[in-house]
There are 2 protein chains.
Amino acid sequence: MKKEEIKNKFIDFLKLKSHRITNERLLILDSALEMKSHFDADELYFKMKKGFIRASRATVYKTLDLMSECGILTRHNFKGERSRYETKLGKSYHYHIICLNCSRIVEFEDPRIEILQKNICRKHNFELIDHTLQVFAVCKDKDMCIYYKKLKK
Amino acid sequence: MKKEEIKNKFIDFLKLKSHRITNERLLILDSALEMKSHFDADELYFKMKKGFIRASRATVYKTLDLMSECGILTRHNFKGERSRYETKLGKSYHYHIICLNCSRIVEFEDPRIEILQKNICRKHNFELIDHTLQVFAVCKDKDMCIYYKKLKK
DNA sequence: TTATATGCAAAGCCTTTGCAATCAT
DNA sequence: ATGATTGCAAAGGCTTTGCATATAA
């Protein structure tokens, strides 16, 4: 998705749900769009703070929830980790392989999965908002696996 | 998977990783295998307590982690919820649609997804342990959606 | 024998909540 | 005008940790 498209979608969503269009929400949206993949709430909060953009941690959390509900942001809950977010900016759907030893994350795409989700939702009478696929695995290449690298030391 | 198959896999895993085969671990494994789908750590802990099977909460958590690493148990982290677990007992791979309004969960199967994961892991040189796919959606059928049911009251 | 696992309670940590002040509509 | 939102700090709740004790190998 493109920046303007995302912004419009969020504003439309707020109007539709009778939520107010506040300065904070728009600032958080803008800042989130400037984050790199997989940021967490605090990273966003501190980035804004550093740029003298005011918004409380509570509002950041709440707004991220709204953005997720709106479908312009994906909230990932990898096992045991804090929630990580990812905007839909300039991305096609992608998924994650997570190494259970070293937590290395590899992204991969597969358009078939998205099509499959749409069909599943139609079949079960759901309106698709978002989806996430996590593959838990172990690096076979020991040189790639930070866990094994550590063990070597 | 079958009960004996799961138990053997866990014991082999413990041996392989030089973890000890303790009474607690085996009791927790047994109790987990008797849980219905989607239990959380505390549900298991209290179920054991009720049956006078001793194991501390800390050990329950640690053992569930081991079981997950071993691949006989899946740990789900649905957004905002506590971790929920599911053993591989008598199940084929299945996935979840979660309603963002009412949290209703619908399970579905699709063997193509499992095949796809295996290929992805081979391609990226990972050893597949587990995978989870979560579809976030909204019930279209308002009578099915507890959220809307509540609103009606 | 001895390194690992257990159990308890306490700490940790991410996230949510309550409430007074502020702001969008 | 007035109901929603914000911000702060404090509470909440799941999970992990530290340490003494117990135990598997």
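None of the values given here were measured: they were computed from a predicted structure. Chain letters run A, B, ... following the sequence lines, proteins first and then strands; every chain starts at 1.
At whole-Å resolution of the value, CG in B/Leu44 and P in D/dC14 are 15 Å apart. Between A/Leu16 atom CG and C/dT25 atom C1' the separation is 17 Å, expressed in whole Å. Spacing between atom CD of A/Glu43 and atom C1' of C/dC14 amounts to 13 Å, rounded to whole angstrom units. One interatomic measurement links the two molecules: CG of B/Leu14 to P of C/dT4, which rounds to 15 Å at whole-angstrom precision. D/dT5 atom C1' lies 12 Å from atom CG of A/Asn23, rounded to whole Å. Rounded to a whole Å, the CZ atom of A/Arg25 is 14 Å from the C1' atom of C/dT22. The separation between B/Glu81 atom CD and D/dG13 atom P is 15 Å, rounded to whole Å. With rounding to whole Å, B/Leu66 atom CG is found 12 Å from D/dT16 atom P.
Contacts between residues 45-58 of chain B and DNA chain C, defined by a heavy-atom separation under 4.0 Å, are made by B/Ala55, B/Ser56, B/Ala58.
Exactly one of B/Asp130, B/Thr74, B/Asp110 qualifies for a side chain to side chain donor-acceptor pair (under 3.5 Å) with B/Tyr93. That residue is B/Asp130.
Within the structure, every side-chain polar atom (N or O) of B/Tyr61 is placed at least 4.0 Å from both OP1 and OP2 of D/dT16. One finds a side-chain N or O of A/Thr22 lying less than 4.0 angstrom from the OP1 or OP2 phosphate oxygen of D/dT6. Residue B/Ser18 places no side-chain N or O under 4.0 Å from the OP1 or OP2 atom of C/dT4. Between C/dA5 and B/Thr59, no contact under 4.0 Å exists linking OP1 or OP2 to a side-chain N or O.
DNA chain D is contacted by both A/His19 and B/Arg20; A/His19 maps to the nucleotide lying nearer its 5′ end (nearest heavy atom per residue). The residue among A/Asp40 and B/Ile28 whose nearest nucleotide of DNA chain C lies closer to the 5′ end is B/Ile28.
Between A/His76 and A/Phe78, the gap from one ring centroid to the other is short of 6.0 Å.
Between the side chains of B/Tyr95 and A/His131, no donor N or O sits under 3.5 Å from an acceptor N or O. Side-chain N/O atoms of A/Ser83 and A/Arg75 include a donor and acceptor closer than 3.5 Å. Checked by atom type, the side-chain pair B/Asp40/B/Tyr45 shows no donor-acceptor distance below 3.5 Å.
Comparing atom distances between the B/Arg82 side chain and each of D/dT15, D/dA25, C/dT25 picks out D/dT15 as nearest.
When every heavy atom of B/Leu89 is checked against every heavy atom of B/Leu33, the shortest pair comes out as CD2-O, 3.3 Å.
A donor-acceptor pair is defined here as one N or O able to donate and one able to accept, closer than 3.5 Å; such a pair exists between the side chain of B/His94 and the backbone of B/Ser92.
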